[in-house]
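First up is the structure itself, then whatever we jot down about it.
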Amino acid sequence: MSDTTPAAETAAPHRYTAELAAEIEGRWQDYWEEHGTFAAPNPSGELDGDPELAGRPKKFIMDMFPYPSGAGLHVGHPLGYIATDVFARFQRMTGHNVLHTLGFDAFGLPAEQYAVQTGTHPQVSTEANIVTMRRQLRRLGLGHDRRRSFATIDPEYYRWTQWIFLQIYNSWYDTEAGRARPIDELVARFAAGTRATPDGRPWAELTEAERADVLSGYRLAYAAESPVNWCPGLGTVLANEEVTADGRSERGNYPVFKANLRQWMMRITAYADRLLTDLDDLDWPEAIKLQQRNWIGRSEGARVDFPVHGAADGDYAITVFTTRQDTLFGATYMVLAPEHDLVDTITPAAWPEGTHEVWTGGHATPADAIAAYRKQAASKSDVERQAEAKDKTGVFTGAFAVNPVSGEPVPVFIADYVLMGYGTGAIMAVPAHDTRDFAFARAFELPMRCVVEPTDGRGTDPAAWDDAFASYDARIINSSGADISLDGLSVTDAKAAITTWLAERGIGAGTVNYRLRDWLFSRQRYWGEPFPIVYDEDGVPHALPDSMLPVELPDVDDYSPRTFDPDDADTSPETPLSRNAEWVHVELDLGDGPRRYRRETNTMPNWAGSCWYELRYLDPYDTEQLVSPPAEAYWMGPRDGQRAGGVDLYVGGAEHAVLHLLYARFWHKVLFDLGHISSYEPFHKLFNQGMIQAYVYRDARGIAVPAAEVEERDGAYYYAGEPVTRVLGKMGKSLKNAVTPDEICAEYGADTLRLYEMAMGPLDMSRPWDTRAVVGQYRLLQRLWRNIVDEQTGAVTVVDADPDEETLRALHKAIDGVTSDMAGLRFNTAIAKITELNNHLTRSGRPVPRAIAESLVLLIAPLAPHTAEELWTRLGRVGSLAHTPYPVADPAYVQDETVTCVVQVKGKVKARLEVPPGIADAELEALALADPAVVAAVGGAPVRKVIVRAPKLVNVVV
RNA sequence: GCCGGGUUGGCGGAACGGCAUACGCGGAGGCCUCAAAAGCCUUUGUCCGAGAGGGCAUGUGGGUUCGAAUCCCACACCCGGCACCA
């Protein structure tokens, strides 16, 4: 041996070191790849395989699709991937055919922004990032079925994304049947006259453009002009789900403005009810279900018509949605959203006689006032709107409607606190019983009428109140009209009574309203799936036939988005694809001969590719269909306890609660309705892993300093001699606190990293990374290794002797505990139990019996697979242990021969007894009362009561 | 404002209503070594006590219970989500 060999290696040449770990890990990773160890066979078709394996019960285990980050991974990223891998390996060893793979969500804004920043074409940078990430993930020993991995940017993949878009485009929602159907069936009904067209004209008399317009009102994917979220800083429009509560873009944190633009929408609102009720069939964290319920926002109420005279001609009705129809007698004014259709119709030429100053906003005519108010409202960003929410603004339209119960005239206002997108865009205002209406009424000196008797002693005169009385738990008053009285009824009863009354007169009806809006589906970006849509010379959209898919994204030099000053609302989006005339203008034969068409130049949002990827994992090479029905039925079909079907375990961050998870459910349901799949929910069980946090150190200027170079002295922190502050935050390059899996693998090996990440705490909890503590799991592997392999000679030291009883009990208790922890995703406590068993063997100081060693290796195999495979082989076994049965606990050894019984006196522990587990209550009580320590503690006082919980506890009450 | 989740040693965390602090990190002491590193062993909630032993401890304050980290009520703080949704 040369004298450059480190001393440790000389002393123990066969110790488990980082070098040895690296050698073992690389070798087993190669082995698994060569042998296709993790290839999961489909029951039939292209990816079929070993019928024995395919005959086992299946488990489909998934991670949320990663985006291939240009910055590379830090140790926080693989937390979920390691967890699913451990679980998948455990399931393989308990007799399941396990499908676990990982693809890449590679379209979208982050990838494009990275490309723009680095000046590389997104195709090039994204593919390079995928290569890097695949390498980093392989190093962790993840047991993925690589045959099933793909990226959303692969044309063979997005061909099907486009195909699904066309399925959605060519469908409508039949509310009677409660499901989507092909649009052709609707056309047939129009043509046959069994269903009337919206304006009543026969279908045959409509022009092609008119028909297209009508159908657009039914299609589940449609282009329409509507108020959308325009984000000049990103140069694109955004879905509601991508705008934060304070009116900024979720990505980039830029201001968002409302703009009326023609955009592609998905009619997700048609599915609001099913998206809500089917949550009950899912095994998801309650918090996530709640977020989805809140986002969908079902509320029961009524529509009520308020008659109003048109300024020029005829009578109209303003239809409002309210959840407080019981307070109809208290409606003293009305408000329309500024964009409401009826505003111009009802606005008179001049202010009515004696109009209050504050109602006019100082303008000479209602039209002037409305125009000025609209202009001002439109220029406000959502951020400003939120900030000014307390100060109600608005203006009188000059018109009066009639309260249908009291017959009183009520002034009609416009105000931006009423949103066009919710309900009917119009409200009846009941200032006495609604806080917003109360604030508006105070600002505009409008009358209030108390119709719900306050229960808090404030009296019935709203003039004396500080805020509205909004409680439901009260009685109705002041609510008698010509032919209805609600007085004395409870809120609930009054709602029912007035709803019936309204319905009988045809001026209202009970109705359900949802907060959910249609999903804005187009983006003015380059890096996304092109729409399979072209427009003819009349601007009528045409779906491309399947044979023309995929519509490939053109390779262009100028892929940058057109972005603007983030605060400039007065801008409008421009699609990068529109710069490419050659691609945009095409001649196609869509069935009536070659004609000129113009391609749609918007692209799909990055959510599109992740809306259905779980299905493609099942059958990734199919060129005839998006997924073969037998494969879908086998892996995702409904079964006992999973009536909706879906993935068995889906692990990912909670931040996707209402974005990806809602969209994916929607697409899945459409595909289910159209008969392409047998499951009606994509993800049966959802688990949200926590975040790995890291300390951020900042200097006096507030600038982050490299965390690795900070020193701790006496509870304070110093960087380059200067004191710095410490807070817990996210891990990331910009905060200079990123730790990479590569560093930890190099220092200790992948198995140590896997164990450490799993041992840090419960999987669903966020916790800080602590590099110093990683060594603890390294020591566990070293001790495990030393219990089986001689560090001097490398020889296996296990013996064929029978294990002693104590060791057998320790083993079977560990097997019992670890098995249930593994099944419950409690890997931290599973590791603790394995550690205890291993420490027990270490402490015994004797060679380990073979049977114990083999069980221990199998127990830890899902967590530290490389080390386990290597020890398994050294123990003389051939091949991979990936499908070897997991140890099963022998109940005879799970329970100790004697258990420690604590004896309490007045709830304090005074004695401990070793007793057989099966001891009878009476016997245990006698034993306890006879114990000298207990006798002393009782001190002769009369015993009032003895609680016996054999065999663990006796409590003596004196 | 509304709705969730959380608060246990110096640190990460364990604990079917029944021995609080498993397991790991860190600290202290020891073995081995010329020495160090690595490894191994012991110890480590806190206060009082020389010791035996005892008191006090699961954010705060109440309650239920023979018995509460665990169940109930109120409060404080931290982290998420929603927020003019009629």
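Here is the naming used below: chain letters follow the sequence lines, and residue numbers restart at 1 for every chain.
Here the side chain of A:Arg783 is nearest to one of B:A86, B:C40, B:G26, namely B:C40. With B:A86, B:A15, B:A83 as the candidates, the nucleotide lying closest to the side chain of A:Thr323 is B:A86. Here the nucleotide nearest the side chain of A:Arg15, chosen from B:A86, B:G12, B:G39, is B:G39. If you check B:C19, B:A22, B:C25 against the side chain of A:Glu836, the one that comes closest is B:A22. Minimum atom distance to the side chain of A:Ser299 is reached by B:A86, of the listed B:G12, B:C23, B:A86. In this structure, the nucleotide among B:G39, B:C82, B:C23 sitting nearest to the side chain of A:Trp295 is B:C82. Closest to the side chain of A:Arg843, from the set B:G4, B:U42, B:G26, is B:U42. For A:Met765, whose side chain is taken as the heavy atoms from C-beta onward, the closest listed nucleotide among B:C3, B:G13, B:A86 is B:G13. Picking from B:C3, B:G39, B:G24 the nucleotide with the shortest atom distance to the side chain of A:Gln777 gives B:G24. Listed nucleotides B:C82, B:C25, B:C40 differ in distance to A:Arg515; the shortest reach to its side chain belongs to B:C82.
When both pairing distances are held under 3.5 Å, B:U33 makes no Watson-Crick or G-U pair with any nucleotide shown. In this entry B:C16 has no Watson-Crick or G-U wobble partner, no candidate having both defining distances under 3.5 Å. Under the Watson-Crick and G-U wobble criteria, each requiring two contacts below 3.5 Å, nucleotide B:G10 is paired to B:C25.
If you measure from atom OH of A:Tyr756 to atom C1' of B:C23, you get 13 Å, rounded to the nearest angstrom. Between A:Arg786 atom CZ and B:C41 atom P the separation is 8 Å, expressed in whole Å.
Residue contacts shown for A:Val320 are absent, as no nucleic acid heavy atom lies under 4.0 Å away. Among the atoms of the strands shown, only primed sugar atoms or phosphate atoms (P, OP1, OP2) are found under 4.0 Å from some heavy atom of A:Asn839. Within 4.0 Å (heavy atoms only), A:Ala759 reaches no atom of the nucleic acid at all. Among the atoms of the strands shown, none is found under 4.0 Å from any heavy atom of A:Arg826. Residue contacts shown for A:Ile427 include a base, since a base heavy atom lies under 4.0 Å away. Residue A:Asn828 is in sugar-phosphate contact alone, with no base atom involved, counting any heavy-atom pair closer than 4.0 Å across all strands shown. A:Ala773 comes within 4.0 angstrom of sugar-phosphate atoms only, judged by non-hydrogen atoms across all strands, and of no base. At a threshold of 4.0 angstrom between heavy atoms, the contacts of A:Arg944 with the nucleic acid are absent.
In A:Arg846, the CZ atom is not crowded: 12 or fewer heavy atoms of neighbouring residues, nucleotides or ligands sit closer than 6.0 Å. The neighbour count for A:Glu914 CD, taken as heavy atoms of other residues, nucleotides or ligands under 6.0 Å away, is above 12.
A distance of about 10 Å separates the C1' atoms of B:U60 and B:C77, rounded to the whole Å. Across the P atoms, B:C23 and B:G62 are found 34 Å apart, a figure rounded to whole Å.
With ring centers used as reference points, A:Tyr748 lies 6.0 Å or more from A:Tyr756. Under the 6.0 Å cut-off for aromatic ring centres, A:Phe444 and A:Tyr333 do not qualify, their centroids lying 6.0 Å or more apart.
For the residue pair A:Thr319 / A:Asp305, a side-chain donor-acceptor distance below 3.5 Å is found, with atom types taken as modelled. Looking at A:Thr499 and A:Gln325, their side chains do bring a donor and an acceptor atom within 3.5 Å of each other. Counted by atom type alone, A:Trp295 and A:Glu241 present one or more donor-acceptor pairs between their side chains at under 3.5 Å.
Under 3.5 Å, the side chain of A:Lys392 and the base of B:C84 form at least one donor-acceptor pair of N or O atoms.
Residues of residues 813-821 of chain A that place a heavy atom closer than 4.0 Å to RNA chain B do not occur.
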For nucleotides 63-73 of chain B, which of its nitrogen or oxygen atoms have a protein nitrogen or oxygen under 3.5 Å away, and what is each distance?
{"unit_1": "B:C66", "atom_1": "O2", "unit_2": "A:Asn955", "atom_2": "ND2", "d": "2.3"}

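In this structure, A:Trp785 contributes its side chain and A:His14 its backbone to a donor-acceptor pair below 3.5 Å. For the pair A:Asn737 (side chain) and A:Lys730 (backbone), a donor-acceptor distance under 3.5 Å is present.
Cation-pi contact between A:Arg517 and A:Tyr422: absent, since separation from the ring centre below 6.0 Å together with deviation from the ring axis within 45° is not met.
Among residues at least two apart or in separate chains, side-chain hydrogen bond (donor to acceptor under 3.5 Å, both in side chains) pairs with a member in residues 824-834 of chain A are A:Asp821-A:Arg826, A:Asp821-A:Thr829, A:Asp821-A:Lys833.
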